[in-house]
Amino acid sequence: MKPSLETTLAGVKLRNPTILAAGVLGTTGKSLKRVAKEGAGAVTTKSLGIRPKEGHSNPTIMEMEGGLINAMGLPNPGVDNFLDELVIAKEGGAPVIASIFGGTVEEFAEVAKKIWAGKPDMVEVNISCPNVKEGMSFGSSPELAAEATDAVKKAVKCPVIVKLTPNTDKLLLVAKAVEDSGADVISAINSIGPGMVIDAETGKPFLSNQVGGLSGPMIKPVALRCVYDISSHVEIPVIGIGGIETGLDAAEMLMAGASAVGVGTAVYSRGIEVFSKICEELEYFMAAKSYKSTKDLVGLTRR
Ligand code: RRO
């Protein structure tokens, strides 16, 4: 019998554990629908704020050995302009996760209230953007993280995911604080940084923002460690993100303690087919090792 890839996150059923991570192909309903049709278990929008934002000027992203560095600066159409996009995204048939961002607790609450009108399946609270000042302060303060979580929980009626940053020494305090404030799921990690790339020709930083966040295979060991630590510390499920490109990467992340995996940078390296490829490879690995369900893998490293 084929192994089962189904997974459930806070009552939301996913046909497989791959999730389009926030920030990639997530600014239109059409692209989200396409990713869902390509086989992703769920799709996440680009983080949406209270008003439209252009983001930083180019260059905002650079390919490097082992992944990417980015400082997009939260370019997004604004929550009000995204409600129609959500309708289209849902036509893809996979659960839609709306990622939201706020500069203050009140703004988080306001964006959450607005996005709830579009009935996303889940809301992800981005308290971890390394490229805007406010992003980092929420993600590295247990108190602020708890307040943002609580505000969003009160504004929506669907499960709430909180996305954590690895760029803090308070990771586990933040994880516990958001769980205690009612978060249903934790996702980890956002990009690592800030990092800098210098152009030797000019002697200047490559990115217009000077610094940015690292993603892709180069951050996988950090992501695995964070997911292992977080899932050992809290009861709620974790979505593991960071360097997942193959079925084996996904298996390792599940073993570290994740219940599902986010895929972002690998869309650039393996194409939009990456979701079905990961599932095929994961299924092959599980069959070869006689694992019947993804549940058999979750947290295996700790058992
Ligand atoms: O838009 C960005 O610069 C960005 C965001 Br909001 C985020 O959460 N993580 C990231 O690497 N870039």
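For the single chain, residues carry numbers from 1 onward in sequence order. Every number for a ligand or one of its atoms is a count from 1 in the order of the listing.
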**Request:** Decide whether Ile19 and Ile244 are clustered together by the hydrophobic rule: side chain heavy atoms of Ile, Leu, Val, Met, Phe, Trp, Tyr closer than 4.5 Å, transitively.
**Result:**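 No, no single cluster joins them.
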**Request:** Report, in ascending order of atom number, the atoms of ligand 1 lying under 4.0 Å from any heavy atom of Leu74.
**Result:**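 Listed by number with element: 1 (O), 2 (C), 3 (O), 6 (Br).
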**Prompt:** With a cut-off of 4.0 Å, which atoms of ligand 1 are near a heavy atom of Gly73?
**Reply:**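 This gives 1 (O), 2 (C), 3 (O) as the contact atoms.
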**Request:** Enter the distance from Tyr291:OH to Leu254:CG here, rounded to the nearest 0.5 Å.
**Result:**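 Result: 11.0 Å between the selected atoms.
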**Request:** Enter the distance from Phe285:CZ to Leu297:CG here, rounded to the nearest 0.5 Å.
**Result:**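 The CZ atom of Phe285 sits 6.5 Å away from the CG atom of Leu297.
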**Request:** Decide whether an N or O pair under 3.5 Å exists between Gly213 and ligand 1.
**Result:**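 No, Gly213 has no N/O under 3.5 Å of an N/O on ligand 1.
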Any [X] heavy atom less than 4.0 Å from ligand 1:
X	result
Lys46	yes
Gly23	no
Ser191	yes

**Asked** What is the nearest protein non-hydrogen atom to atom 4 (C) of ligand 1, stated with its residue, atom name and distance?
**Response**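 For atom 4 (C) of ligand 1, the nearest protein heavy atom comes out as Cys129 SG, 3.6 Å.
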**Top protein contact for atom 12 (N) of ligand 1, by heavy-atom distance** =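 Checked against all protein heavy atoms, atom 12 (N) of ligand 1 sits closest to Asn70 OD1, 3.0 Å.
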**Request:** State plainly whether the residues Asp121 and Lys90 are in salt-bridge range, i.e. N to O under 4.0 Å.
**Result:**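 Salt bridge flag = no for Lys90 with Asp121.
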**Asked** Is it the side chain, the backbone, both or neither of Thr60 that has a heavy atom closer than 4.0 Å to ligand 1?
**Response**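 For Thr60, no heavy atom sits under 4.0 Å from ligand 1.
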**Prompt:** Does Asn190 approach ligand 1 within less than 4.0 angstrom via side chain, backbone, both or neither, non-hydrogen atoms only?
**Reply:**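 For Asn190, only side-chain atoms sit under 4.0 Å from ligand 1.
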**Request:** Have a look at Ser128 and tell me which of Asn190, Thr165, Thr168 forms a side chain to side chain donor-acceptor pair (under 3.5 Å) with it.
**Result:**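 Only match with Ser128 under side chain to side chain donor-acceptor pair (under 3.5 Å): Asn190.
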**Message:** I need the single residue from Arg34, Lys37, Lys33, Lys30 that forms a salt bridge (charged side-chain N to carboxylate O under 4.0 Å, His left out) with Glu91. Which is it?
**Reply:**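 With Glu91 as partner, Arg34, Lys37, Lys33, Lys30 yield a single salt bridge (charged side-chain N to carboxylate O under 4.0 Å, His left out), made by Lys33.
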**Request:** Cation-pi check, Lys119 to Trp116: give yes when NZ or CZ is under 6.0 Å from the six-membered ring centre and within 45° of the ring axis, no otherwise.
**Result:**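 Satisfied, under 6.0 Å and within 45°.
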